[in-house]
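What follows is a set of notes on a single structure, which appears directly below.
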Amino acid sequence: MSSILLNVKNIHTYYGSTHVLHGVSLQVKEGESVALMGRNSAGKTTTIRSIISLTPPKEGKIYFKGKDITCLPSHLCARMGISLCPQGRRIFPGLSVIQNLRVPVFSGNRDKNLQRVFKFFPELFEKNKQLAGTLSGGEQQMLAIARALIPNPKLLLLDEPTEGLSPLIVKRIHETLNEIRKMGTTILVASCNLIDIALAEKVYIIEKGKIVFQGTAEELNRSHDIQRKYLGVAL
Amino acid sequence: MSLGIELILTQLLNALCMGLIFALIAVGLSIIMGLLGIVNMAHGVFYLFGAYFTVAAVSWYPNFGLGVIIAALLCSGIALAVFFLFIRYLMGRRRPLEIMVALIGINIICEELIRNIFGAEPKYLAIPSMLSGQVTFNFLGVTLMYPKYYLSLIIICGSLLILIYYFFHKTDLGIRGLALIQDREIALALGVNIAKLGTLFFAIGGAVAGISGALAGPIFSVYPTMGIELLGFIFVIVIIGGVGSIEGTFLASLLISTIKSVGVLFASNVVVDAFIYVLLCVMLCIRPRGLKGYLGVLE
């Protein structure tokens, strides 16, 4: 039995005076891959942002590797081994591909990690001098994932990794992420796209800031009722 | 007045010289505004102190080069003091207007300090003897006489700017700084420490503005309001270039200095300066993020 890597305990998060998360709890075990599903504005992104203190929770606790990281400044969360691939990619448009990959701060061999990332995404290597803002949508998503992988994170947070991409690119990104999973990186993926369940073993469904379902990916795949009720579509 | 080719060439060289000096001051302001989101009304202070520190240093030991280096070091020290004593504290309160007013206050205090120590009348800073005199060019049949000091300024300021450009595009610290300017949240989430970089860039910005004050001292005169008078143009440059953009700042500096130097051949100083502010208004209307700025830098 593997230990719990990320433990989110009953967090309440606000945007200004708007109460967004109403006591969200979830656990991610070491080496596990977990999906956080839900409709738009259900609280997925806010949960991710709360974990790394981009919007720190007002109540509740977050533990990473057994240490309390609630409200720990974002750059220190990163240095503990949590990496973010944000919603909407948010690559640095005015920097080249290679410069984007030089931004993450970590202790370790960068050249080795660069090589590893370029093995996953050879097209980024071919365009490494190009300005990131001029890449296609799919390439930008690959760059956002590559950038998050550079520090060789313990926990990879993926927020909508397949949003607005063609089925071909989605397939490509799933293959890469599955390889990364196999290499032992723990993944928490937030998505409203049912396809992304394929990336996970365990699934949480969030609705209006509350966790309303928790189970294995198979359970969710079988239960079309739950899919329809909380995600609005069924596979 | 006839417009000889010599005169136009001379004015273009003057434009280059002035533009490079402007760029040295503006680049620090632009980076700090982009990085920390504060409007540094006290940036002119470093330019002012740079010139006066050099005046003081040269009167103590007559070596201009040494004076410039001392001025640069002291200015980065003052920048650090301003940063730690005021800005860090005020940023914690999250009220941008407070910071702006406090920085205007710092500006007034520094100006009065200078006026009390050195007096209100302009100081004279001599061109170092090694760099005085003229250089004669022969260029496509045109003979041109140009002051050696101006030419040295073009070389020195140009080299410094190349160094700054290199720092921001080739070193990890510089690249992380640009990343913070383009998307602060994501840079933080990738482990970039904004407090550390902010401190570093503030010190560099102060030093570089100090150097330009020292170098400009022998050309423009040295007087207590020189900082705040120039700051207006520096803000115009930063906004036209795009807040937080190195290339944009360089381009806008050369644009403004060219308009100033070439403009005076056709119109009075007042008209040319007014035209620059008209240009600023037009820029704000049609392209508020400036020539090379990023969307949403100053939100």
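Owing to the predicted nature of the structure, the values given are computational and were not obtained by experimental measurement. We name chains A, B, ... by the order of the sequence lines, and we start the count at 1 in each one.
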Q) When only pairs under 4.5 Å are counted, which of B/L178, B/L188, B/L180 shares the most heavy-atom pairs with chain A? A) B/L188

(Q) Does either side chain, that of A/R116 or that of A/N113, offer a donor lying less than 3.5 Å from an acceptor on the other one? (A) no

Would [X] and [Y] pass as an ion pair if we require N to O under 4.0 Å?
X	Y	answer
A/R89	A/E160	no
A/K154	A/E30	yes
A/K44	A/D159	no
B/R95	B/E98	yes

Q | Those residues of residues 159-172 of chain B, ordered by number, that approach chain A below 4.5 Å (heavy atom to heavy atom) | A | B/H169, B/K170, B/T171, B/D172

Q) For chain A, which residues of residues 190-199 of chain B have at least one non-hydrogen atom nearer than 4.5 Å to it? A) B/L190, B/G191, B/V192, B/N193

Please check if the number of heavy atoms outside [X] that lie under 6.0 Å from its [atom1] is greater than 12.
X	atom1	result
A/F125	CZ	no
B/Y89	OH	no
B/K260	NZ	yes

(Q) Testing the basics here: between A/G38 and A/C192, what is the closest heavy-atom pair and its distance to 0.1 Å? (A) O-CB, 3.1 Å

What residue, out of [options], has the most heavy-atom pairs lying under 4.5 Å from chain B?
options	result
A/A78, A/P86, A/G94	A/G94
A/R49, A/R90, A/M80	A/R90
A/I91, A/I82, A/L84, A/L95	A/L95

(Q) Given heavy-atom pairs under 4.5 angstrom as the criterion, report whether the side chain, backbone, both or neither of A/I52 touches chain B. (A) side chain

Q. Side chain, backbone, both or neither: which part of A/P93 has an atom under 4.5 Å from a heavy atom of chain B?
A. both

Q | B/F202 six-ring centre to B/R88 NZ/CZ under 6.0 Å and within 45° of normal | A | no

Q) Do A/Q99 and A/F92 touch side chain to side chain, with heavy atoms closer than 4.5 Å? A) no

**Q.** Audit row: B/L215, B/C157, side chain to side chain contact (heavy atoms under 4.5 Å, CB included) steps and yes/no
**A.** CA-CA 9 Å; B/L215 294 176; B/C157 296; 4.0 Å; yes

